[in-house]
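Basis for what follows: all heavy atoms, side chains included, without hydrogens, waters or symmetry-related copies. Computed from a predicted model, the values in this text were never measured in an experiment.
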Amino acid sequence: MTATEAPDHAPTSMTNRQILQAMSGLMAGMFVAILAGTVVANALPRIIADLGASQSAYTWVVTSELLAMTATVPLWGKLADLYDKKLLLQLSLGMFVVGSLLAGFSQGVELLIFSRVMQGIGAGGLTALAQVVMAAVIPPRRLGKYAGMFGAVFAVGTVAGPLVGGVMVDTSWLGWRWCFFIGVPFALTAIALLQRTLHLPTVRRDVKIDYLGAFLIVAGVSAILIWTSLAGNQFDWASWQTAALTGGGVLLLVAAVYVEARVPEPVIPLTIFRNRTVTLTTIASLLVGVAMFGGTVFLSQYFQIALGKSPTVAGLMGLPMIMGLLVSSTVAGQIISATGRWKVFLIAGGIIMTAGLAMLSTIDAGTGFGLLSLYMAVLGIGVGLLMQNLVLAAQNDVPASELGAATSVLSFFRSMGGTIGTSVLGAILANRVASELAKSLGTGGGAAAGGSSDAVPDVTKLPAPMREVVENAYGLATADLFLVAAPFAALALVAVVFIKEKPLKTTSGMERLGEEAKQAMADGDKQSSPTPVG
């Protein structure tokens, strides 16, 4: 912000009631995004089987939304500097509604993937703007208390999603298409609540959006993701396609760094990484994204295929992890608000998350639900302690004028980690399943089990001997995913150990922005005043 720029209205501290009113529409919007993801995750095995799609398509239905969200998070952050944040939140919800309707009417996997891209663009807006708005109206010292409320919304959406999705898939007169339609009324409600309750001062300044940098980042990441999704299935790992996709992706990303370092308003401002806390929390967020999203996105498939459970039962089986996340995030938020100490929770979260992933790497088709619940609860506790507090640490250590950039960078890299993790681990899963089926059934075993060498089988339609082979293959393959994910969580722990704990600020982003604007104007007046002579 320059010396002549200031908020349209002087920011003032908000009461708890005003904050709660402002957060109502925001929480409703976040609930929509969470519900859509969890409903679809549990119904996806049935959806893919119904559409006759492959394991690669299964991965891309998840990855396409994550990729679109990843690519657009920084752009939404930049748009927030130009336009009203409330309007942008409503626009992102509107795009989410369009994507949901397209997904619900899909007759083929191609339209389904396209609709997931639309949903991802909307989710990118919610991801970027929700945390920016929270930081704008809530001081870091008080943020833990409200972060616990968002944790509760996250838990309810995550718990309700699989249950609702399972019931709809198992109910003949509803079906999986209603998994997409159900989020529409919630999104429309969120738009209305935001219009009524969220009132933010608008800070206007000239900003140029770096479209070239955004294109290079999206193209580079997409090339890498296409390679990880198709290598080993459509072409060999060591092939000209691998060389073209990886080489092209790396060159595009190098070009993106070159552009970002030279444009006045980069999508990802490289100067922000001069801040040690931002750098370390970004690295940790990337690694957490790989470990958490990559490791857990295939759990529903494990429940339904390896354990032979119905979609409804699969939804119930995910409760231990969600309850662990809810309890840990809520309790940690209250303690952080009361004491101001936060680093110990980051370290504890890294340790517990790594332990949970290591435990889950021992599962197979015969693992009992009691032991599985314990492992998932441990993972949920670790994620609850780690993920939101990384954002808190970064937001607390940057000027108010850089809150949007810091928050968007963390969200971008966490989403990118999740996208890469889902794609890479999805390829590992597909290859391990194919290997196990070939080992048990001989060449062409995958085709015998699922209709094609790459298809996701419907175990309810398989004869008992074949079903046992498929369940065993998916059980072993899912354990492999957690074994691969665990070292990433361990590296995230190493990153958070080196973060320096600083006292939490007691003023909101709006208040700090006003103070910074006044200071900038005062400095400008000093520089423009004439120097006394003699």
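- Atom CG of Leu112 is separated from atom CD1 of Ile48 by 6.5 Å, given to the nearest 0.5 angstrom.
- Side-chain N or O atoms of Ser328 include one that pairs as donor or acceptor with a backbone N or O of Leu325 at under 3.5 Å.
- If you look at Phe181 and Trp178, their ring centroids are closer than 6.0 Å.
- Atom CG of residue Leu216 and atom CG of residue Leu212 lie 4.5 Å apart, to the nearest 0.5 angstrom.
- Within 6.0 Å of CZ in Phe488 there are 12 or fewer heavy atoms belonging to other residues, nucleotides or ligands.
- Once rounded to the nearest 0.5 Å, the distance linking CG of Leu410 with CD of Gln395 reads 8.5 Å.
- The two atoms that bring Leu390 and Ile499 nearest to each other are CD2-CD1, 4.5 Å, heavy atoms only.
- At least one donor-acceptor pair under 3.5 Å links the side chain of Arg177 to the backbone N or O of Ser106.
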For a side-chain contact (heavy atoms from CB on, under 4.5 Å) check, start with the C-alpha distance between Leu386 and Val496, then their side-chain angles and the critical distance, and finish with the verdict. CA-CA 9 Å; Leu386 190 60; Val496 300; 4.1 Å; yes
Just do the side-chain contact (heavy atoms from CB on, under 4.5 Å) check on Val409 and Phe413 with the steps written out, would you? CA-CA 6 Å; Val409 163; Phe413 279 96; 3.8 Å; yes
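- For the atom pair OG1 (Thr282) and CD1 (Ile272), the distance works out to 7.5 Å, reported to the nearest 0.5 Å.
- Aromatic ring orientation, Phe31 versus Phe186: perpendicular (interplanar angle above 60°, classes split at 30° and 60°).
- With rounding to the nearest 0.5 Å, the separation of CD in Glu260 from OG1 in Thr271 is 10.5 Å.
- Of the possible donor and acceptor atoms, none in the side chain of Trp76 sits under 3.5 Å from a partner among the backbone N and O of Ala123.
- Judged by distance alone, with hydrogens and angles left aside, the side-chain atoms of Arg414 form no donor-acceptor pair with the main-chain N or O of Gly289 at under 3.5 Å.
- Checking side-chain atoms of Asn275 against main-chain N and O of Asp397 turns up a donor-acceptor pair under 3.5 Å.
- We find the CG-OG1 distance between Asn389 and Thr281 to be 12.0 Å, quoted to the nearest 0.5 Å.
- Under the 3.5 Å distance criterion, the side-chain polar atoms of Asn396 are left unmatched by any main-chain donor or acceptor of Leu392.
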Apply side-chain contact (heavy atoms from CB on, under 4.5 Å) to the pair Ile336 and Leu504, showing each step before the final yes or no. CA-CA 9 Å; Ile336 289 171; Leu504 293 177; 3.6 Å; yes
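- At least one donor-acceptor pair closer than 3.5 Å links the side chain of Ser92 to the backbone N or O of Leu89.
- A centroid separation of 6.0 Å or more is found between the aromatic rings of Phe298 and Phe303.
- In this structure, Phe273 places its CZ atom where more than 12 heavy-atom neighbours from other residues, nucleotides or ligands lie under 6.0 Å away.
- When all heavy atoms of Leu385 and Ala332 are compared, the closest pair comes out as CD2-CB, 3.7 Å.
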Would Met321 and Leu299 satisfy side-chain contact (heavy atoms from CB on, under 4.5 Å), going step by step from the backbone distance to the final call? CA-CA 11 Å; Met321 184 169 68; Leu299 264 178; 4.2 Å; yes
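- Closest approach of Ile283 to Ala495, counting heavy atoms only: CG2-CB, 4.3 Å.
- Between Gly99 and Met118, the shortest heavy-atom contact is CA-CB, 3.6 Å.
- Between the side chain of Gln90 and the main chain of Ile191, a donor-acceptor pair closer than 3.5 Å is present.
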